[in-house]
Amino acid sequence: MKINGYIKINAASFRKPVLAAILAFCALFPAFAQNSFSKGEAIFLDNKPQEALPFLEAAVNEDPAHVQAFIYLGIAYQQLNRTDDAIAVYQKILPRGGSETAKIAFNLGNAYFNKGNYSSAVDSYTQALNADPSYSTALLNRANSKIKTGALKDAVTDYQNYLVMEPQSSQRGQIEKLISFINDEFAAEAKRIEDARIAEEKRIQDEKLAEEKRQEDARIAEEQRKAEEEKQRIAQEEAARAESERRQRLLDEVSASLQAAAEESKGLSAGNEEVQGYDGEFELE
């Protein structure tokens with residue numbers, strides 16, 4: 001059947017062989033590529049991504065520079081939860097995005113976000129903002145991505161800048177609550193860090209004081225030990241000296257006694273005892 005001069009195609013019956021045939025036909029008749037895009041665009045804008053997909057795929061294969069076809073195709077893949085395919089499509093056309101660079105990078109950021117690759121999402125949203133600094137939605141999504149990566153301070157900055165760019169945003173109340181919550185968390189975390197720092201300093205100081213006390217106690221104990229050793233040494237020396245003096249006195253007393261006995265043994269008789277004479281001869285034999 002023909003509608004408005006175009007062949008009506010049932011997307012549900014589309015299969016790879018049929019798509020290959022269409023692509024071959026497009027190669028012979030380039031004008032058909034434009035028709036493929038127009039048909040795919042109409043179906044896509046009618047919110048029928050599955051039905052639009054074959055036409056959009058045909059359009060981008062026929063004209064690799066057809067930026068809008070790539071954008072629609074990437075969005076269709078995302079709507080069909082084919083995130084990896086969407087990322088591949090956006091990455092392929094992004095270098096040739098021209099005036100649509102911000103939009104392509106933004107969509108790529110969304111695809112990365114849905115995939116859970118939040119760091120790459122931040123990079124893509126940043127690329128979109130570089131291409132169009134007034135792209136407030138990219139700024140908001142970048143803030144959301146930074147929350148996921150844990151870069152809370154940077155996220156708060158993006159949220160605040162977003163509210164400056166979009167003061168009448170319907171999400172203002174929620175964003176302000178989130179900013180307040182994050183700031184409260186920062187304050188609580190700062191307090192926890194400060195308390196931990198104070199506790200650590202006190203622990204270190206207590207350990208230092210305890211170590212100083214241990215050293216002082218050890219010094220006092222060592223001095224007491226040395227004093228006790230010195231006392232024992234003096235006592236031993238005094239005992240040795242007393243013993244030496246005792247022995248010397250004993251020797252002196254013995255020596256004096258022996259001297260007295262010797263003096264008595266050397267004394268001569270001077271009395272009137274009779275001395276017998278010896279008149280005989282003493283002969284030596």
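Side chains included, hydrogens not; waters and symmetry mates left out as well; all remaining heavy atoms used. This structure is a prediction, so every number in the text was calculated from the model and none was measured.
The main-chain N or O of S120 is found under 3.5 Å from a side-chain atom of S124 such that the two form a donor-acceptor pair. The backbone N or O of V122 sits less than 3.5 Å from a side-chain atom of T126, completing a donor-acceptor pair. R249 contributes no side-chain N or O that, together with a main-chain N or O of S244, makes up a donor-acceptor pair within less than 3.5 Å. Put simply, the side chain of D63 never gets that close to the backbone of A59: no donor and acceptor are under 3.5 Å apart. In terms of modelled atom types and a separation under 3.5 Å, the side chain of R172 and the main chain of P167 share a donor-acceptor contact. Remark: the backbone N or O of K48 is not paired with any side-chain donor or acceptor of D46 at under 3.5 angstrom.
A donor-acceptor pair shorter than 3.5 Å cannot be found between the side chains of Q236 and Q232. For the residue pair Q248 / D252, a side-chain donor-acceptor distance below 3.5 Å is found, with atom types taken as modelled. Side chains of Y159 and N144: a donor-acceptor N/O pair is present below 3.5 angstrom, by distance only. Counting only N and O atoms by type, the side chains of Y125 and N110 include a donor and acceptor under 3.5 Å apart.
Checked options R219, R214, K213; the residue passing with D217 is K213 (criterion: side chain to side chain contact (heavy atoms under 4.5 Å, CB included)). Applying side chain to side chain contact (heavy atoms under 4.5 Å, CB included) to Q78 and the options D85, N114, I87, T83 leaves one that passes, N114.
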**OP:** Show the numbers, then the answer: is there a side chain to side chain contact (heavy atoms under 4.5 Å, CB included) between Q127 and L94?
**Re:** CA-CA 10 Å; Q127 189 172 1; L94 185 58; 3.4 Å; yes

**OP:** Starting from the C-alpha separation in whole Å, work towards a yes-or-no answer on side chain to side chain contact (heavy atoms under 4.5 Å, CB included) for H66 and V60.
**Re:** CA-CA 6 Å; H66 200 312; V60 300; 5.6 Å; no

Subject >> salt bridge (charged side-chain N to carboxylate O under 4.0 Å, His left out) between E243 and R247, worked out >> reply: CA-CA 6 Å; E243 177 64 16; R247 290 180 178 179; 3.0 Å; yes

**OP:** Could you please spell out the steps behind the salt bridge (charged side-chain N to carboxylate O under 4.0 Å, His left out) verdict for K226 and E223?
**Re:** CA-CA 5 Å; K226 289 181 178 180; E223 289 182 352; over 6 Å; no

Subject >> Verdict with supporting geometry, Y112 and Y118, ring pair (Phe, Tyr, Trp, His ring centres under 6.0 Å) >> reply: CA-CA 6 Å; Y112 278 130; Y118 303 115; over 10 Å; no

Subject >> Derivation of the side-chain hydrogen bond (donor to acceptor under 3.5 Å, both in side chains) call for Q224 and E228 >> reply: CA-CA 6 Å; Q224 291 175 344; E228 184 63 26; over 6 Å; no

**OP:** Evaluate salt bridge (charged side-chain N to carboxylate O under 4.0 Å, His left out) for E207 paired with R203, printing each intermediate quantity in order.
**Re:** CA-CA 6 Å; E207 288 185 355; R203 182 189 66 80; 2.6 Å; yes

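The same ILVMFWY cluster, assembled from side-chain heavy atoms under 4.5 Å apart, contains both L250 and L258. Following chains of ILVMFWY side-chain contacts shorter than 4.5 Å, one can reach L56 starting from L45, so the two form part of one hydrophobic cluster.
Put simply, CD1 on I179 and NZ on K177 are 13.0 Å apart, with the number rounded to the nearest 0.5 Å. To the nearest 0.5 Å, the span separating CG on L108 from OG1 on T101 amounts to 12.0 Å. Rounding to the nearest 0.5 Å places CG of L53 at 10.5 Å from CD of Q79. Here S145 contributes atom OG and D154 contributes atom CG; the two are 12.5 Å apart, rounded to the nearest 0.5 Å. Annotation: the span from E166 atom CD to T137 atom OG1 amounts to 7.0 Å, rounded to 0.5 Å. Note that CD1 of I182 and CG of L178 are 4.0 Å apart. Values are rounded to the nearest 0.5 Å.
Using a 4.5 Å cut-off on side-chain heavy atoms (C-beta onward), D132 and K103 make no contact. Under the 4.5 Å side-chain criterion, counting only non-hydrogen atoms from C-beta, F106 is in contact with Y135. Taking the side chain as every heavy atom from C-beta outward, K208 and E212 approach each other to under 4.5 Å.
More than 12 non-hydrogen atoms from other residues, nucleotides or ligands lie less than 6.0 angstrom from CZ of R233.
When the ring pair (Phe, Tyr, Trp, His ring centres under 6.0 Å) test is applied to Y72, the partners found at least two apart in sequence or on another chain are F37, F44. Every residue two or more places apart in sequence or in another chain was checked for a salt bridge (charged side-chain N to carboxylate O under 4.0 Å, His left out) with K153, and none qualifies.
F70 and Y90 have their aromatic ring centers separated by at least 6.0 angstrom.
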